[in-house]
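Nothing here was measured: the structure is a model prediction, and the numbers come from that model. Numbering of residues begins at 1 and proceeds along the displayed sequence. Just so you know, these numbers use all the heavy atoms, side chains as well, and skip hydrogens, waters and symmetry mates.
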Amino acid sequence: MRSVTYSMGVSLDGYIVGPDGGIDWTDPDPDVFRFWIEEIRKIDVHLMGRRLYETMLYWETADQDPSLGEDEQEWTALWKPLPKVVFSTTLSTVQGRARLLSGGLAEEIRRLRAEPGEGDIAIGGATLAAEAAASDLIDEYQIMVHPVLVGGGIPFFAREERRVDLELVETRTFNAKFVYLRYRVARRAES
């Protein structure tokens, strides 16, 4: 069965978006960007909410920019054909390889898990991830910690009183500044 991963950049104090709505502090250095390029190769489909979808729309046409660097061209070549599912009640259309759903996240994840495939099902966006986590549908948390404190905003983890045991699977440090943490949800075997 394909894994569901929640992966995003986060400030050291735990936010994916700052209090002013800004994400300028998430611009990765070249080694971090190269890491994300390799990670996207492991994904079969990306689930996202409206805000992340609108942020990522840039990559649908980025290849038309003649000043785009080699790594950005490679990312675009991987991102554009990747199937995406956008969950939104306010959008009426989506672009590229995206399809729009207004609800039914748990059903969509179960449907995607039942399909054949080797790659992961990625979730991006805190609200959508919180909904998946509440239904115990996230298998891994992948966090790129950025060396900044933003003081508030949208947290990576939902602020619910819910315990989830995790197993550390991987850590990496980039340029003595960025730290990647990969945790697998520790589920007990059912008897």
Side-chain angles (χ1 to χ4, degrees), residues 2-12 15-18 21-88 91 93-100 108-109 112-113 115-126 128-129 132 138-148 154 156 169-184:
R2 298 192 291 173
S3 289
V4 176
T5 62
Y6 173 33
S7 178
M8 294 193 77
V10 64
S11 65
L12 183 60
Y15 297 95
I16 61 171
V17 174
I23 58 169
D24 58 324
W25 52 271
T26 63
D27 290 340
D29 76 5
D31 290 342
V32 172
F33 195 70
R34 169 59 41 204
F35 172 79
W36 287 127
I37 289 170
E38 296 310 316
E39 288 298 300
I40 198 173
R41 294 178 193 284
K42 302 173 186 174
I43 297 172
D44 274 352
V45 61
H46 202 293
L47 313 180
M48 63 185 77
R50 178 193 55 82
R51 282 185 294 233
L52 182 60
Y53 167 73
E54 289 174 340
T55 299
M56 297 302 287
L57 267 176
Y58 166 79
W59 295 106
E60 294 297 328
T61 58
D63 56 352
Q64 298 169 17
D65 181 353
S67 68
L68 205 64
E70 192 175 305
D71 285 347
E72 289 84 4
Q73 290 174 7
E74 186 176 356
W75 171 267
T76 302
L78 294 166
W79 180 257
K80 282 180 70 169
L82 181 67
K84 301 159 198 83
V85 181
V86 180
F87 290 84
S88 174
L91 291 175
T93 62
V94 290
Q95 299 176 25
R97 292 282 321 266
R99 63 187 170 88
L100 184 62
E108 181 66 8
I109 289 173
L112 290 168
R113 278 186 165 162
E115 290 181 353
E118 298 287 322
D120 292 337
I121 300 165
I123 292 184
L128 203 60
I138 294 181
D139 300 304
E140 285 190 3
Y141 292 91
Q142 301 170 353
I143 306 160
M144 183 66 71
V145 181
H146 290 252
V148 62
I154 299 174
F156 181 86
V169 178
E170 180 182 359
T171 63
R172 286 183 64 183
T173 302
F174 298 86
N175 298 322
K177 292 179 12 174
F178 301 88
V179 177
Y180 173 72
L181 303 167
R182 183 172 146 227
Y183 286 93
R184 184 172 298 129

Quick one: closest heavy-atom pair of I109 and A132, and the distance?
CD1-CB, 4.1 Å
Tell me whether the count of non-hydrogen atoms from other residues, nucleotides or ligands lying under 6.0 Å of CD in E115 goes above 12.
yes
Which heavy-atom pair separates P81 from R97 by the least distance, and what is that distance?
O-NH1, 2.7 Å
Are more than 12 heavy atoms, taken from residues, nucleotides or ligands other than E38, located less than 6.0 Å from that residue's CD atom?
yes
Scan Y141, F174, F35 and name whichever one has a ring-ring contact (aromatic ring centres under 6.0 Å, His included) with Y180.
F35
Using modelled atom types only, decide if a donor and an acceptor are shared between the side chain of D139 and the backbone of V4 within a distance under 3.5 Å.
yes
Minimum heavy-atom separation for T76 to A62, with atom names?
OG1-CB, 3.7 Å
Can you check whether Y15 reaches H146 side chain to side chain, under 4.5 Å on heavy atoms?
no
Interatomic distance, W79 atom CH2 to K84 atom NZ [nearest 0.5 angstrom]
5.5 Å
Testing the basics here: between V86 and A98, what is the closest heavy-atom pair and its distance to 0.1 Å?
CG2-CB, 4.0 Å
Note: R172-D31 ion pair, threshold 4.0 Å (strictly below):
no
Any sub-3.5 Å donor-acceptor pair from R182's side-chain atoms to V169's backbone N or O?
no
Value rounded to 0.5 Å, distance of NE2 in H46 from OG1 in T5
7.5 Å
Would a 4.5 Å heavy-atom cut-off, applied to side chains only, mark S88 and Y53 as touching?
no
What are the two closest non-hydrogen atoms of I43 and A122, and how far apart are they?
CD1-CB, 3.7 Å
Find the distance between OG1 (T93) and CG (L91) and round it off to the nearest 0.5 Å.
7.0 Å
Can you measure from OG (S7) to CE (M144) and round to the nearest 0.5 angstrom?
8.0 Å
If the threshold is 4.0 Å, N to carboxylate O, is there a salt bridge linking E54 and R51?
no
Would you please test Q142 and E170 for side-chain contact (heavy atoms from CB on, under 4.5 Å) and show each step?
CA-CA 9 Å; Q142 301 170 353; E170 180 182 359; over 6 Å; no
With salt bridge (charged side-chain N to carboxylate O under 4.0 Å, His left out) as the criterion, how do D63 and K80 come out once you've worked through the C-alpha distance, each side chain's angles and the decisive distance to 0.1 Å?
CA-CA 10 Å; D63 56 352; K80 282 180 70 169; 3.0 Å; yes
Do L112 and L47 have side-chain heavy atoms sitting under 4.5 Å apart?
yes
Please verify the inter-ring angle class for F156 with Y6; under 30° counts as parallel, over 60° as perpendicular, anything in between as tilted.
parallel
Between D65 and S67 the two heavy atoms that sit nearest each other are OD1-OG, 2.7 Å
Value rounded to 0.5 Å, distance of CD1 in I143 from CD1 in I16
11.5 Å
About how many Å separate CD1 of I37 and CG of L78, when rounded to the nearest 0.5 Å?
7.5 Å
Do D44 and R2 sit within salt-bridge range, that is, some charged N less than 4.0 Å from a carboxylate O?
yes
